[in-house]
Amino acid sequence: MPSFSVRPEIAALDPYVPGLSIEEIRRRYQLENVIKLASNENPLGTPPLAVEALRRCAAGAFRYPQSGNPRLRAALAGLHGVDDGRIAVGNGSDEILDMLIRMLAEPGRDNIVCFQPCFSIYPIQSRICGVEIRRQPLNADFSFDFDALLEIVTDSTRLVFVTTPDNPSGYCPPREDVLALAARLADKAPQALLVIDEAYMDFAGDDADGERRFSLLASGDVPDNAVVCRTFSKSYGLAGMRIGYAVLPEELAQYYWRARLPFSVNVLAEEAALAALRDTAFREATLSLVRAERRRLTLRLSELGCAVRPSHANFLLFRPGDGAPDARTCFEALLRRGIIIRPLGSYQLPDHLRVSIGTEQENNAFLAALEDVLRDPAAAPRA
Ligand SMILES: *Cc1c(COP(=O)(O)O)cnc(C)c1O
């Protein structure tokens, strides 16, 4: 028997809980058609221009990517009107979030600050690092108390995480409040970096102008002590290619390129991302579909008696009404009907469920199944 031992942080780890896969549920329940509304993926699939780029570039897979992904950085710098020295790209924004923690927080000495609940990658990667996590509960309506968040910042705080719009609630704080938080953080803890995770920002607001009203990045207002993270996984339809990026202080970007694994954004991912940026028709179709269906789904869920939170993202957080079957029962009865949504036990919200906005057809199938389940969760699924 080999006798290896792992670090105590690893031995004690509760891993990230991903959404269930379509294949898994197809096999488990012998179903032909399974709909996945669990991971906030793009309802329209992969952008056509990205599919074409992947085909065109497949034979180049034997080459290493160009170091530092300069073409993608230049395109992103152009998109956001910043110097390309301030752009980092990563294997999903997950890689960038992880790297920021590893670059800035010293294990056993420093801490990070975030809300409870929040996107689980921040606390999980901090734990792996051996970095203390200080958490401020969300308000009862899932809004943010930035005063209270600042209260728990200490001299040893190196990173403060804010997700806007938030996952899993869809809440989006006013841009001015995030700006004020950055200014007050710079005062209280000049050594701390504010990480603003804008993974869902392009879905914010009721119309195409929403992003500009809510986003620090889109309004050209990124404070000196802040990083804004974005991703190709949601509105750009490339979750499986793993590409995220950030706009950050230039000095920090240089350290990022020194410290990360050299080729984490692969050649095909880079080509797909460049093509997705060009595919404006796909992206506009995505944004208008999500906004329209978000409105309709919010209304229908309330009509079914669910308590549903207003959302600025491509998903909805809801709770079955009083007297209805509980969230876990609904989740499992939906699975038997071939609909995968997201239970939120791993976010300490066991009474809630999160559903991604799908196509009109997928959303209708979800609503019909949920209506059945709320009436009688034990009934056999209709054939
Ligand atoms: C989906 C998501 C991301 C993006 O993750 P990728 O690694 O880019 O796929 C980042 N932050 C939040 C809050 C998310 O929900």
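Keep in mind the model is a prediction, meaning the values are calculated, not measured. Atoms within each ligand, like the ligands themselves, are counted from 1 in listed order.
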Under 3.5 Å, side-chain donor or acceptor atoms of residues 272-285 against the rest of the protein: list the pairs with distances, not counting sequence neighbours.
from   : atom 1 : to     : atom 2 : distance (Å)
Asp279 : OD1    : Phe282 : N      : 3.3
Asp279 : OD2    : Leu49  : N      : 2.9
Arg283 : NE     : Ser235 : OG     : 3.3
Arg283 : NH2    : Asp202 : OD2    : 2.8

Atom pairs and distances, donor-acceptor, side-chain atoms in residues 51-68, under 3.5 Å, two or more places apart:
none

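- Listed by chain and number, the residues in a side-chain contact (heavy atoms from CB on, under 4.5 Å) with Tyr16 are Pro18, Phe119, Ser120, Ile121, Ile124, Arg342 (sequence neighbours excluded).
- At most 12 non-hydrogen atoms from other residues, nucleotides or ligands lie less than 6.0 angstrom from CG of Asp155.
- Taking the six-membered ring where the residue is Trp, the centroids of Tyr171 and Phe142 are separated by 6.0 Å or more.
- Residue-level contacts of ligand 1 at the 4.0 Å heavy-atom threshold are Gly92, Ser93, Asp94, Phe119, Thr163, Asn167, Asp197, Ala199, Tyr200, Thr231, Ser233, Lys234, Arg242.
- Shortest non-hydrogen contact noted between Val227 and Ala246 is CG1-CB, 3.9 Å.
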